[in-house]
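The structure that follows is given in the form of structure tokens.
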Amino acid sequence: MFRLCFRGQPLFKVASVPAGDGHSKISNVYINNTHCMDDDDFYDRNLALFEEEMDTRPKVSSLLSRLANYTNLTQGAKEHEEAESIGEKKKPSKMGTFMGVYLPCLQNIFGVILFLRLTWVVGTAGVLQALCIVFVCCCCTMLTAISMSAIATNGVVPAGGSYFMISRSLGPEFGGAVGLCFYLGTTFAGSMYILGAIEILLLYIVPKAAVFHGDGGAMLNNMRLYGSICLLLMSLLVFVGVKYVNKLASVFLACVIISIISIYVGALVSAFKEPHFPVCMLGNRTINGHYVNQTTDLWGHFCQSRDLNATCDEYFTNNQFSQIQGIPGLASGIITENLWSSYLTKGAVVEKSSLSSVQASHPASIQLPYVFVDITTSFTLLVGIFFPSVTGIMAGSNRSGDLKDAQRSIPIGTIFAILTTSIVYLSSVVLFGACIDGVVLRDKFGDSVGGELVVGTLAWPTPWVIVIGSFFSTCGAGLQSLTGAPRLLQAIAKDNIIPFLRVFGHSKPNGEPTWALLLTALIAELGILIASLDMVAPILTMFFLMCYLFVNLACALQTLLRTPNWRPRFSYYHWYYHIPGRPLSVSRGYSVYLAALSERLMAYGAPSLSLRHSAGDDGRPPGPAGPQKHLPVPHQQRTLHRGLHRRVVDCA
């Protein structure tokens, strides 16, 4: 029991009555409890300042409750699953911090970027700048997690979502605009995961399944074709059987954990036994492993014909072939070469600076069997590509209704999941730089090692552990994106903020948002038509940075305005944390946008580097462009041919 005083005089006494959940509630004569309501609803409604706000403006602590996270089943999906189980009565499960928050956050944070692009980020930015990229991205999500923890500890946390939180904190109109950004980011996340799954399928699992063949746009057309088919199948699966998506979640999580463990074990094993992945080099230039079969193949690519008196490329005749180990191992000291950045322009050859070579007077032709860079790189572009791999921190709050103590589980589970993933990302950057050669790291698609997945070359006991695990994990993430995004759109439409979206608020009797799912699939198809994982990832970065920005802004405004119903109990929350967080989100968002825009302008405005030369009479492409060195003496040609065979035999 305690008393409230004014100028030293007691006004009235207030008794603390223990509630059924272990928390004490306030009971006094000034609180109207004539209806004898035992649930938390009556107590929470008395926090409103005015009577008309009780039904239209819930308190901030309930605003996280309807989180429509893109990687977990939302409340609507759960109701749909229960409706499908006819005659089966289910009791609500009460989960703890580990199963209810920690593992779902891990499953959603680890994604396709870890398996397909992190090695490339390390090789391009260098170990030092890659550590900086990972640290900055993880700090941004940690600041947002602290804001979420403050909201979660501000009272009872029922089922809800980030859109509900922002709209009720800053106003429905402003929250609706931010909710649309979050919805579009969730939808394009599904496109990114599907593109990642198709890239793994066509490049590393079944390369012969490609329908279109050739260079340039052939691979993009294959991505569009198979991506559209995969999107259609996933949409049908979400439409007819949401409960199967939930049941497969444990399988997808197991694939992610096993894949990460195999990377760490492979890195430790490489210190004692180097994996055999040789890389063929011509001077300091990397040779595409698909062409290293025999001497005559290389001769035919670098010379106009297979004849001994053929005209050959200048760089080819002046430099020697050599072989290096693609995975030198943890104890090789290769990390000293991988510390610094190596940003390249589109069309440049991946080179090893420590090898000596005689430079040619003309740039390398795109037709030669080198490993070329497919995109112009910069620090901001790498940030935009990597940032989607740290999103998914709001997955735990989606299950707040099934948690034993949501106010305790959401902060602890989310923050520890971010710490775990941050440690994994930072340690992976160091391991990749210490075990894999720089030319292999900068080889995005593993052409230098015969088309192997680069991160798979480090895995133990076989690269297929990473290939299969990453494929199933990306498919699962795509399914969860197509499950969560329509329900977020449905919640926005039901608020009737944007009139023309009202039709997407309708659903089937079991709550399944059919029209919202159709629109989500159509927007996701736009991302698939881009057909490039590197171009879709910066779009996600922009949307999620805006979402995190306004989550932090909502908490800061509640604190600075001293809202009466804003009393978070999270000990480590302070509005000072948002001072570096908001400018960080804004500056990184605009820099990523400008980097992606400049890349698109260069791609469409500059002359294409993939122009094909007309084929000769024998069906083979003519010799490379530029000055060429002629060898008129026949015995010199025979000597060169014998020397070439002796030098290339180790690369074959």
Side-chain angles (χ1 to χ4, degrees), residues 109-127 130-131 133-134 192-193 195-205 207 252 255-271 274-279 286 289 325-330 332 334-335 338 350 371 374 382 385-386 388-390 421 423-475 477 533-534 537:
I109 294 176
F110 289 130
V112 63
I113 303 297
L114 171 63
F115 303 111
L116 293 182
R117 293 295 183 268
L118 185 57
T119 54
W120 175 69
V121 170
V122 175
T124 304
V127 174
L131 289 175
I133 292 174
V134 174
M192 184 189 70
Y193 289 124
L195 289 175
I198 300 303
E199 181 177 318
I200 296 173
L201 178 67
L202 295 180
L203 293 182
Y204 309 112
I205 299 180
F252 301 143
C255 293
V256 174
I257 295 177
I258 293 175
S259 300
I260 295 176
I261 292 176
S262 67
I263 295 175
Y264 282 93
V265 175
L268 295 177
V269 172
S270 68
E274 300 177 359
H276 183 66
F277 288 99
V279 178
T286 309
Q325 185 59 256
I327 314 294
L330 191 60
S332 63
I334 195 66
I335 190 173
N338 297 330
V350 177
V371 177
D374 68 326
L382 295 182
I385 293 176
F386 176 77
S389 63
V390 298
T421 54
I423 293 174
V424 171
Y425 283 135
L426 293 173
S427 60
S428 297
V429 169
V430 177
L431 288 178
F432 293 156
C435 297
I436 307 177
D437 193 273
V439 294
V440 181
L441 289 175
R442 289 186 290 274
D443 183 7
K444 183 187 298 184
F445 303 110
D447 293 329
S448 60
V449 288
E452 296 284 348
L453 182 63
V454 175
V455 68
T457 59
L458 189 61
W460 183 88
T462 173
W464 284 101
V465 177
I466 297 292
V467 173
I468 301 299
S470 59
F471 177 75
F472 282 107
S473 64
T474 50
C475 289
L533 184 66
D534 301 324

V122 versus N338: any side-chain heavy-atom pair under 4.5 Å?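 They are not in contact (no side-chain heavy atoms under 4.5 Å apart), so the answer is no.
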
Measure the spacing between CD1 of I205 and CH2 of W464 and express it to the nearest 0.5 Å.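 Between atom CD1 of I205 and atom CH2 of W464 there are 6.0 Å.
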
Would you say the side chain of W120 lies within less than 4.5 Å of the side chain of I385, judging by non-hydrogen atoms?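 Counting from C-beta outward, I385 and W120 do come under 4.5 Å.
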
If we only count heavy atoms from C-beta on, is the F432 to V455 side-chain gap below 4.5 Å?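 Result yes, sub-4.5 Å side-chain heavy-atom pair found.
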
Pairwise side-chain contact, S259 with S470, heavy-atom cut-off 4.5 Å (strictly under):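 Counting from C-beta outward, S259 and S470 never come under 4.5 Å.
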
Determine whether Y425 and F386 satisfy the following criterion, ring-ring contact (aromatic ring centres under 6.0 Å, His included), listing intermediate values before the conclusion. CA-CA 11 Å; Y425 283 135; F386 176 77; 5.4 Å; yes

Looking at P328 and C435, what are the two nearest heavy atoms and their distance?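 Result for this residue pair: CD-O, 3.0 Å.
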
Heavy-atom pair of closest approach, residues A459 and I466: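 What the structure gives for the nearest pair is CB-CG1, 3.3 Å.
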
Would you sort out whether V467 and F115 count as a side chain to side chain contact (heavy atoms under 4.5 Å, CB included), showing the intermediate values? CA-CA 9 Å; V467 173; F115 303 111; over 6 Å; no

Can you tell me how far OG1 of T421 sits from CD1 of I260, rounded to the nearest 0.5 angstrom?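 Spacing of CD1 (I260) from OG1 (T421) equals 9.5 Å.
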
Nearest 0.5 Å, please: how far is CD1 in I327 from OG1 in T457?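 It is 3.5 Å, given to the nearest 0.5 Å.
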
With side chain to side chain contact (heavy atoms under 4.5 Å, CB included) as the test, would you mind laying out the steps for I334 and I436 before giving the verdict? CA-CA 7 Å; I334 195 66; I436 307 177; over 6 Å; no

Can you tell me how far apart CD1 (I468) and OG1 (T462) are? Round to the nearest 0.5 Å.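 Rounded to the nearest 0.5 Å, the CD1-OG1 separation comes out at 9.5 Å.
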
At their closest point, which heavy atom of I109 faces which heavy atom of V390, and how far apart are they?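 Between these two residues, the closest heavy atoms are CG2-CA, 4.0 Å.
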
Can you find a heavy atom in the side chain of V371 that is under 4.5 Å from one in the side chain of V439?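 When only atoms from C-beta onward are counted, V439 and V371 do not touch, as no gap falls below 4.5 Å.
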
Atom pair CG/CG of L116 and L453 - distance to nearest 0.5 Å: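 Separation between the atoms: 6.0 Å.
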
Just do the side chain to side chain contact (heavy atoms under 4.5 Å, CB included) check on F445 and D374 with the steps written out, would you? CA-CA 10 Å; F445 303 110; D374 68 326; 3.7 Å; yes

Residues Y264 and S427: side-chain donor-acceptor under 3.5 angstrom: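 Yes.
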
Determine the minimum heavy-atom distance between S448 and D443, stating which atoms define it.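 Closest pair (atom of S448, atom of D443, distance): N-OD2, 2.5 Å.
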
Heavy-atom pair with the smallest gap, counting every atom of G451 and Y204: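 Taking every non-hydrogen atom into account, O-CD2, 3.2 Å.
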
E274 side chain to Q325 backbone, donor-acceptor under 3.5 Å: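 Not a single qualifying donor-acceptor pair exists.
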
Could you check whether any side-chain N or O of T124 sits under 3.5 Å from a backbone N or O of V121, counting only pairs where one atom can act as donor and the other as acceptor?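 No: the side chain of T124 does not pair with the backbone of V121.
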
Determine whether E199 and K444 satisfy the following criterion, salt bridge (charged side-chain N to carboxylate O under 4.0 Å, His left out), listing intermediate values before the conclusion. CA-CA 12 Å; E199 181 177 318; K444 183 187 298 184; over 6 Å; no

Whether D437 side chain and G326 backbone form a donor-acceptor pair below 3.5 Å: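 Answer holds: no.
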
Might you point out which heavy atoms bring V350 and T286 nearest each other, and give the distance in Å?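 Taking every non-hydrogen atom into account, O-OG1, 2.9 Å.
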
Could you measure the distance from the CD1 atom of I261 to the CH2 atom of W460? Nearest 0.5 Å is fine.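 The distance works out to 11.5 Å.
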
Carefully, step by step, assess R117 and D534 under the rule side chain to side chain contact (heavy atoms under 4.5 Å, CB included). CA-CA 9 Å; R117 293 295 183 268; D534 301 324; 2.7 Å; yes

